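Structure first, then comments.
All values derive from a computational prediction rather than experimental measurement.
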Amino acid sequence: MSLKPPSKAPTPHSNPKKTPVDDAEAQQEAEYAKVATAQYGRGEKIRTKSVKDRKLRANLKSLEQKNKQAAIQAKQAEILLDNEAGLLEPEQELERTYKVRQDDIRKEVSIETAKKGFELRLDALGPYDVCDYTRNGRELLIASRKGHVANFDWREGKLGCELQLGETVRDAKWLNNNQRFAVAQKKCVYIYANDGVEIHQLKKHQEATHLEYLPYHFLLASISTGGIIRYTDISTGQMLSDLPTKLGPPTAFAQNPHNAILHAGHQKGLVTLWSPNSQTPLVKFLPHRSPVRAIAVDKTGHYMVSTSQDRQMSIWDIRMFRELHSHHLKQPAHSLTISDRNLAAVGWGSHVSIYKPDLFSLTPESTVVVPTPYMEWQADGHTVSRLKYCPFEDVLGIAHAKGFSSILVPGAGEPNPDSLEPGTNPFETTKQRQEAEVHALLEKLQPEMISLNPNFVGTLDLASHEQRLQEKDLDAKKEDKIEKLKKKARGRNSALKKYLRRHGQKNVIDEEKLRAREALKKNDAKLAAKLQKDQEAYGPALARFARKG
């Protein structure tokens with residue numbers, strides 16, 4: 001019986017050699033997964049090798065694999081985002097986009113898009129100082145200084161309500177959806193339903209000049225002519241706190257959408273940052289040398305634009321509280337707004353100048369002194385009062401002395417709205433709106449969570465048990481930092497010298513620094529006396545061997 005030769009085919013358990021094509025595909029998949037994790041990942045990867053428990057290590061590996069797969073699927077879902085944001089692009093080098101007129105834009109776009117640019121002539125009821133869109137961009141609210149208030153669906157032209165209040169209106173804001181809005185009238189703030197029925201009268205919000213609504217906290221904030229900031233929870237009706245700025249009547253008021261911190265501008269050129277958890281400003285800085293006229297913060301919370309009475313416009317990086325650059329306008333600007341795609345609109349006199357997102361990339365070392373506007377618009381000699389971008393639309397609303405104008409700004413709106421976020425679905429039905437309001441109430445954030453760094457929520461408290469007990473003990477004496485430093489090693493690089501080097505701002509003097517300097521002088525005197533004593537004891541021949549420290 002003859003034996004068959006062994007087959008050269010690989011067994012099911014053998015590893016076949018990888019071809020260069022397989023290596024290229026694996027490398028491409030690894031790079032794709034890396035990009036997806038960086039964009040949609042959930043922070044740093046857990047180091048499972050350091051976990052000794054076998055079962056816990058396996059669970060963590062499975063969790064990390066699920067997170068990685070979820071990030072890849074989120075990246076693959078980008079193919080469904082069929083809309084892209086685009087800007088006006090000149091065809092020639094000598095062509096300028098700010099010379100393009102609204103009539104030229106309407107000729108090139110579709111009929112439905114061209115209808116979004118319109119003008120309301122309300123000569124007898126002006127000037128109009130207020131315009132505001134709902135969070136999904138469906139409804140528009142306008143108000144005049146003489147007391148005329150109206151809201152309507154601006155796409156379909158359906159009027160919601162129209163009020164003649166017969167007294168001064170300083171500001172108006174939509175609340176969590178299109179069912180309620182707040183109006184800052186002469187004496188106090190009123191809340192009205194969508195059909196114009198008065199619901200509440202907030203008597204404690206006296207003589208409010210500016211209003212801001214924090215959608216994730218359900219808080220209505222106002223600042224009065226006396227410079228007092230007040231918060232009210234509209235879901236419970238509870239009044240939270242009164243924060244006196246002690247800086248006189250405010251000149252500007254805005255919120256940071258990233259962390260819900262309020263920015264207030266004052267007559268002295270100061271800008272102060274406020275939270276309901278502190279009676280004093282969290283930050284106080286001086287962007288201008290004359291009264292602040294307008295403030296706007298971008299959606300990411302990284303940049304702040306402010307204008308002043310001396311025609312200056314400053315751009316600040318509020319992560320480091322450092323001015324990126326500033327330049328002068330032709331007239332003092334009194335209105336600012338920033339779109340979802342970081343297009344900044346500035347209203348000065350009867351003109352509106354719109355700048356590209358490149359405005360936030362300029363630095364003090366840049367050669368560009370005055371950035372060129374992306375688009376410009378003029379209101380036929382009527383003073384512009386308020387600017388507001390419509391969410392998810394390439395539309396800019398302008399309230400001026402003779403009514404309201406809506407202009408087309410290509411590339412301003414976010415083309416892909418997140419329909420799962422409550423209150424931001426432009427196509428929601430009545431049932432969806434009701435469900436979204438319930439979910440938003442269940443997920444409402446507490447006012448205690450408002451801080452400069454919103455990412456502190458969910459971080460670990462690394463304080464030890466003994467440290468927590470010491471914090472609870474109110475009778476315990478505080479540890480004296482200077483006495484503790486005295487006991488540490490002495491010499492050229494003593495602990496006191498290190499402390500003074502770290503806190504070595506010569507223009508800042510406090511009690512601890514004075515005590516540290518006195519203690520350092522005493523230590524130096526003791527060392528000098530000890531050195532002299534040792535030199536005398538060693539004699540003239542061995543005096544050089546005496547230790548100096």
Side-chain angles (χ1 to χ4, degrees), residues 85-90 95-123 126-134 136-144 150-157 294 296 305 307 329-331 333-357 359 371-415 426:
L87 301 171
L88 290 176
E89 296 181 1
E95 190 176 1
R96 298 291 180 264
T97 55
Y98 60 80
K99 293 184 179 181
V100 178
R101 302 297 179 186
Q102 287 294 309
D103 295 336
D104 302 332
I105 297 176
R106 292 193 189 97
K107 291 178 183 177
E108 301 298 330
V109 298
S110 63
I111 298 175
E112 290 298 323
T113 305
K115 288 180 181 179
K116 297 176 182 178
F118 60 90
E119 187 167 357
L120 298 177
R121 284 289 182 178
L122 304 168
D123 299 336
Y128 282 80
D129 297 337
V130 178
C131 66
D132 189 39
Y133 291 95
T134 53
N136 59 7
R138 292 288 304 179
E139 307 278 340
L140 173 64
L141 175 67
I142 60 174
S144 74
N151 73 78
F152 52 93
D153 187 335
W154 63 275
R155 288 187 180 89
E156 299 180 3
V305 183
T307 59
L329 302 170
K330 295 180 181 179
Q331 293 182 23
H334 38 258
S335 183
L336 282 171
T337 184
I338 301 175
S339 74
D340 296 337
R341 306 292 295 185
N342 280 358
L343 266 67
V346 185
W348 49 277
S350 59
H351 294 259
V352 176
S353 298
I354 302 168
Y355 296 91
K356 287 184 178 181
L359 184 72
T372 304
Y374 165 60
M375 288 183 65
E376 283 194 347
W377 182 84
Q378 187 174 0
D380 296 333
H382 310 316
T383 303
V384 174
S385 302
R386 182 73 64 89
L387 303 176
K388 187 72 175 179
Y389 278 107
C390 180
F392 313 118
E393 293 285 353
D394 293 344
V395 171
L396 174 63
I398 304 170
H400 50 78
K402 296 298 181 181
F404 175 82
S405 298
S406 177
I407 65 172
L408 301 178
V409 183
E414 174 61 45

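- A pairwise comparison of heavy atoms in Gly411 and Leu343 identifies O-CD1, 3.9 Å as the closest pair.
- Atoms CZ and CD, from Phe392 and Glu414 in turn, are 7.5 Å apart once rounded to the nearest 0.5 Å.
- Residue Ala379 comes nearest to Val384 through the heavy atom pair CB-CG2, 4.3 Å, listed as atom of the first residue, atom of the second, then distance.
- For Glu139, there are no salt bridge (charged side-chain N to carboxylate O under 4.0 Å, His left out) partners at least two apart in sequence or on another chain.
- Closest approach of Cys390 to Gly137, counting heavy atoms only: SG-O, 3.5 Å.
- Rounding to the nearest 0.5 Å places CG of Leu120 at 6.0 Å from CD1 of Ile142.
- Note that CD of Glu89 is 11.0 Å distant from CD of Glu95, once rounded to the nearest 0.5 Å.
- Applying the side-chain contact (heavy atoms from CB on, under 4.5 Å) test to Ala294 and every residue at least two apart in sequence or in another chain returns Thr307, Leu336.
- Looking at heavy atoms from C-beta onward, Tyr355 lies in side-chain contact with Val346 at the 4.5 angstrom threshold.
- Leu396 is listed as a side-chain neighbour of Thr337, based on a closest heavy-atom distance under 4.5 Å.
- Rounded to the nearest 0.5 angstrom, Leu359 CG and Tyr374 OH are separated by 14.5 Å.
- Between Ser339 and Ala412, the shortest heavy-atom contact is OG-O, 3.0 Å.
- Between Thr383 and His334 the shortest side-chain heavy-atom distance falls below 4.5 Å.
- In terms of the salt bridge (charged side-chain N to carboxylate O under 4.0 Å, His left out) criterion, residue partners of Arg138 (sequence neighbours excluded) are, by chain and number, Asp153, Glu156.
- For the pair Met375/Pro410, a side-chain contact is recorded, criterion being any heavy-atom separation below 4.5 Å from C-beta on.
- Annotation: side chain of Asp123 is in contact with side chain of Lys402 (closest heavy-atom distance under 4.5 Å).
- A distance-only check finds no donor-acceptor pair linking the side chain of His400 to the backbone of Gly381 [under 3.5 Å].
- We find the CG-OG distance between Leu140 and Ser406 to be 8.0 Å, quoted to the nearest 0.5 Å.
- Between atom CZ of residue Arg386 and atom SG of residue Cys131 there is a gap of 6.5 Å, rounded to the nearest 0.5 Å.
- Between Glu108 and Val100 the shortest side-chain heavy-atom distance does not fall below 4.5 Å.
- Residues Gln102 and Leu408 approach most closely at OE1-N, 2.9 Å, considering heavy atoms.
- Under a 3.5 Å cut-off, the side chain of Ser405 and the backbone N or O of Ile398 do not form any donor-acceptor pair.
- Put simply, the side chain of Ser335 gets close to the backbone of Leu387: a donor and an acceptor are under 3.5 Å apart.
- Pairing each heavy atom of Ala333 with each of Trp348, the nearest pair is CA-CB, 3.9 Å.
- Listed by chain and residue number, nothing satisfies the ring-ring contact (aromatic ring centres under 6.0 Å, His included) test with Trp377 (two or more places apart in sequence, or in another chain).
- Residue pairs meeting the salt bridge (charged side-chain N to carboxylate O under 4.0 Å, His left out) criterion with at least one member in residues 389-401, sequence neighbours excluded: Lys116-Glu393, Arg155-Glu393.
- For Asp380, the side-chain contact (heavy atoms from CB on, under 4.5 Å) criterion is met by Arg121, His382, not counting sequence neighbours.
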